[in-house]
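Data block below; observations after.
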Amino acid sequence: MLTVLHSLIRPEAEIEHCAEMYFRGGMPEPDLAGAGFVLPDDLPLSADTFYNGFSVEKWKSLGSISSLFLKVRGRGQFTLELWHHAAEGASSCLQTYTFDETQTRTHEFAITAWPRVAEGMLFLRLKGKRQAVVEQLCFATDASPLMQPKLGVVITHFNRVAYVTRSIARVRKALLSAPQDQQHIDFIVVDNSNTLDPATVEGAQLIPNQNYGGSGGFARGLLYLKDQKHYTHCLFMDDDISCEVESIKRAYAVLSYSPDPKIGLAGVLLDAQKPWLVQEKGAEFHQGLFRPLHQNEEIRSAASLLALETEKGSPVYGGWWFFAFRLDAIDYYPFPFFVRGDDALFGLINRFNVFTLNGIACFSEHFLSKETAHTRYLGFRASLAVFLMEGGGTWTAALKLLSASFLWCALSYRYQSAHAITLALRDVSKGVSFWRQTLTYPPSLKEIEHEQSHGEDAAYFRDHPFLEKAAPEMKFRKLLRAVTLNGHLLPDVLMRKIPAYVGEYTPGLLSSVFLRRQVVYRKYETQNVFEARLDRKIFLEKLCAFAWQALWFTVRYGVLSKDYGKNARALCSEEFWRSVYMQKKA
C-alpha cells in the first residue's frame with residue numbers, strides 16, 4: 001500500500017498565487033465533477049514549480065523513504081514525462097508514461113531512478129491528448145511510516161472572526177472530509193477574544209481563553225493537547241490559515257517519516273502582495289537580531305527553487321504562522337511576551353532542528369507593512385529579553401542595536417517609534433518580575449500614540465511621486481547631517497517647506513528627509529500614508545530619555561544578565577502556565 005507524500009495541485013480559489021508557482025505553460029482547468037483537473041489538449045505543461053516540484057535532497061534527508069512511486073488516477077489519454085533538474089542546472093528525462101483509459105482508473109509506476117538521484121528536483125511534464133481528466137497525481141512510497149502522528153493544529157484567534165470561520169470552512173471541506181485525515185488531524189481554535197460561536201467553526205475544538213496574547217493562546221493549546229494524552233505532534237498556525245491545504249498534508253507526511261525527535265518543521269512565509277517572493281524560510285538569531293533567511297528570494301524560476309532548497313545560515317526557529325513539532329520534544333513552553341518574539345525564543349530554547357521544504361508555505365502581509373510604533377515596542381523588548389536570556393553578549397552589543405534603531409527613527413521625525421524603543425529598554429531593565437506582572441495587554445502601549453495613517457487612491461501617488469532611493473550624497477553633506485543631527489540643530493530658515501514623499505523603508509532615508517520640515521511616508525507595499533514633522537523639542541526630549549535609560553541599563557547589565565539567565569526560563573514552564581490558568585478559573 002502506498003503512502004502519499006506529495007500531490008500535484010492547482011491553486012485554491014482563496015489563496016494568493018501566481019500561475020508559475022503551480023504549472024508552466026498554462027493552468028489546467030478544475031474538474032467540475034470532482035477534485036482533480038482537466039488537461040488541455042496538446043498543450044505541454046511543466047510542473048517544475050514551487051508547489052509541484054519534488055525536492056529530492058530534502059525528502060531523502062529523512063533517511064526513511066527507500067522507494068518512490070508515481071500514482072495516477074484519471075481518465076482520457078495523456079502522457080507523463082518524469083524529469084530531473086540537477087542542482088547544477090542540467091536536466092534529463094528519466095521515464096515516460098502513457099495513460100489511456102475510457103473509465104477512471106488508478107495506475108502506479110515505480111520510479112526506478114530514485115536510488116540514483118541525490119539532489120535537485122523531480123518534476124512532471126504533462127500533455128493531454130483527448131479529454132484527459134486527472135483526479136489524483138502524486139509522488140508516493142511503499143516504505144512504512146516510522147510513526148502515525150496524531151496532529152493537533154493549534155490556531156490562536158483574536159478578533160478575526162471572518163478570517164477564521166472562512167478558513168476553517170475551507171480546510172474542513174478540503175481536508176477534514178477525508179476519513180483518514182479526520183482520524184489523524186484535529187483543529188483546536190483558542191479564542192482569545194471570546195467572539196467565536198462554536199457553530200461557525202464546525203469541525204474544530206473551540207477553547208474560549210483569557211487574552212494573554214499569542215504566547216498565552218499557544219500555551220493554552222499545548223496544555224490542551226497534553227491533557228488529551230493521545231496527541232503526538234502539534235502544528236501552530238495563524239488564525240487566517242492562508243495556506244494551501246496540501247501544505248498541511250505534506251507536513252503530516254514529513255512528520256510521519258522523520259526519525260528526528262527534535263524536528264521543527266517551518267513553513268515558508270510568502271508575501272501576500274507578491275506571492276512569488278519569500279519573506280522567510282527559517283530564521284536565525286545573532287547578537288540580539290532575528291534574521292529571516294532567504295528573504296526576498298523569488299520562487300518563479302527552476303534555478304531559484306533549487307537555490308532556495310540550499311541551506312543558508314543557521315536556522316534556529318520558525319514562525320508560528322506554520323510550525324510543527326513533536327510534543328515530546330518540548331522542554332519549554334512559550335515565554336509570556338504577549339506577542340512578538342515568542343516563536344523565536346520557543347525555537348531557541350527547545351533546540352529544534354529546523355526543517356523547511358519548498359511547497360510547504362503560507363502567505364501574509366509583509367512584515368514591514370505592519371510595522372508601527374506599537375510593534376516596534378513589542379519587537380525590541382522581545383529581542384532585548386532574548387538577548388539577556390541567551391547570554392553570550394555584552395551591554396555594548398545590546399545598546400549598539402537599540403541606539404542605531406532609535407536614531408534611525410528619531411532622525412527621520414518618527415518620534416513615537418523612537419519613544420517605543422526607549423520604553424522597551426525601560427521595561428526590560430525592570431527584570432524578569434516585569435514579565436510576570438504584565439501577562440495581558442502591555443500597559444506601556446498606552447504611552448505610545450497611534451500612527452495616524454490613512455489610505456490614498458492611485459492618483460495621489462501619481463501626483464506626488466514617492467522617492468524609491470536617495471540620490472548619491474557628497475561627503476560634506478553626510479558630515480553636515482551628522483553634526484546637525486540630520487538637521488535638528490539647523491534653523492527653520494534653512495529647511496524646505498515642500499514635503500519629502502518617501503517610502504518608509506527607502507534606501508538612504510535619512511538623506512532623503514534632511515532639510516525638510518515635513519515628510520509624507522508611504523507604508524510598505526500599501527496605499528497608506530502618514531505624515532511626520534520635524535520637532536526639535538520632542539526630539540531632544542526623546543533623546544534625553546533614551547540616554548537616561550541606556551545609562552541605567554548599562555549600570556544594571558550584570559544584575560539583569562543574571563536575573564534573566566537564572567529566572568526567565570521559569571516563565572517558560574508548563575507549571576507556570578498551568579498556574580496562570582488555574583488562577584483564572586479561581
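Heads up: numbering here begins at 1 and tracks the sequence. These values consider heavy atoms only, across backbone and side chains, with no hydrogens, waters or symmetry-generated copies.
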Under 3.5 Å side-chain donor-acceptor pair for [X] and [Y]:
X	Y	answer
His294	Glu297	yes
Ser444	Arg426	yes
Lys281	Thr356	yes
Asp191	Ser193	yes
His454	Gln452	no

Checklist line | Test side chain to side chain donor-acceptor pair (under 3.5 Å) applied to Ser511 and Arg477, Lys469, Lys478, the passing residue | finding: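 Answer to the side chain to side chain donor-acceptor pair (under 3.5 Å) test with Ser511 among Arg477, Lys469, Lys478: Arg477.
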
Can you tell me if [X] uses its side chain to pair, donor with acceptor, with the backbone of [Y] under 3.5 Å?
X	Y	answer
Glu246	Ile9	no
Thr506	Val502	no
Asp197	Thr200	no
Ser247	Cys243	no
Arg516	Pro499	yes
Glu12	Val245	yes
Arg517	Asp492	yes

Minimum heavy-atom separation for [X] to [Y], with atom names?
X	Y	result
Ala470	Gly508	CB-O, 3.3 Å
Gly213	Val339	CA-CG1, 4.4 Å
Pro442	Phe338	CD-CD2, 3.8 Å
Leu8	Asn52	CA-OD1, 3.2 Å
Pro275	Cys18	CG-N, 4.2 Å
Pro443	Thr438	CD-CG2, 4.0 Å

Check: What's the verdict on side chain to side chain donor-acceptor pair (under 3.5 Å) for Asn528 and Ser453, showing C-alpha distance, side-chain angles and the deciding distance?
Finding: CA-CA 6 Å; Asn528 292 337; Ser453 63; 4.9 Å; no

Using 30° and 60° as the class limits, which term best fits the ring planes of [X] and [Y]: parallel, tilted or perpendicular?
X	Y	value
His374	His450	tilted
Trp321	Phe367	tilted
Tyr501	Phe466	perpendicular
Trp435	Phe337	perpendicular

State, with a plain yes or no, whether a side-chain heavy atom of [X] is found less than 4.5 Å away from one of [Y].
X	Y	answer
Ser215	Phe335	no
Glu280	Gln295	no
Leu151	Cys234	no
Arg250	Glu244	no
Thr156	Asp239	no
Leu490	Phe514	yes
Leu265	Phe352	no
Cys362	Met237	no

Please report the interatomic distance [atom1]([X]) to [atom2]([Y]), rounded to the nearest 0.5 Å.
X	Y	atom1	atom2	answer
Ser364	Phe322	OG	CZ	14.5 Å
Ser55	Leu305	OG	CG	8.0 Å
His366	Leu270	NE2	CG	11.0 Å
Tyr377	Leu425	OH	CG	11.0 Å
Tyr415	Leu540	OH	CG	9.0 Å
Arg170	Thr165	CZ	OG1	12.0 Å

Face-on cation placement of [X] at [Y] ring, 6.0 Å and 45° thresholds:
X	Y	answer
Arg291	Phe285	no
Arg220	Tyr581	yes
Arg522	Phe461	yes
Arg160	Phe158	no

Next item on the list: Show the numbers, then the answer: is there a side-chain contact (heavy atoms from CB on, under 4.5 Å) between Val513 and Asn486?
Entry: CA-CA 8 Å; Val513 306; Asn486 216 45; 3.5 Å; yes

Using the benzene-type ring in the case of Trp, are the ring centres of [X] and [Y] under 6.0 Å apart?
X	Y	result
Trp408	Tyr505	yes
Phe323	Phe236	no
Phe218	Phe346	no

For [X], is the [atom1] atom crowded, meaning more than 12 foreign heavy atoms sit under 6.0 Å from it?
X	atom1	value
Glu449	CD	no
Lys400	NZ	no
Glu202	CD	no
Ile498	CD1	no

Salt-bridge contact [X]-[Y] (side-chain N to carboxylate O under 4.0 Å):
X	Y	result
Arg414	Glu531	no
Glu365	Lys370	no
Arg481	Glu473	yes

Notebook entry, point to check: How far apart are the C-alpha atoms of His488 and Tyr413, what are their side-chain angles, what is the distance that settles it, and do they pass the ring pair (Phe, Tyr, Trp, His ring centres under 6.0 Å) test?
Noted result: CA-CA 9 Å; His488 280 85; Tyr413 316 163; 5.6 Å; yes

Check: Taking it one step at a time, do Tyr460 and His464 satisfy ring pair (Phe, Tyr, Trp, His ring centres under 6.0 Å)?
Finding: CA-CA 6 Å; Tyr460 178 88; His464 305 90; 4.6 Å; yes

Margin query: I'd like to know whether Glu456 forms a salt bridge (charged side-chain N to carboxylate O under 4.0 Å, His left out) with Lys523, so could you lay out the CA-CA distance, the side-chain angles of the two residues, the decisive distance to 0.1 Å, and finally the verdict.
Written below: CA-CA 11 Å; Glu456 294 285 359; Lys523 297 294 289 181; over 6 Å; no

Checklist line | Option among Thr440, Asn192, Asn194 that satisfies the side chain to side chain contact (heavy atoms under 4.5 Å, CB included) test with Gln210 | finding: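 Answer to the side chain to side chain contact (heavy atoms under 4.5 Å, CB included) test with Gln210 among Thr440, Asn192, Asn194: Thr440.
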
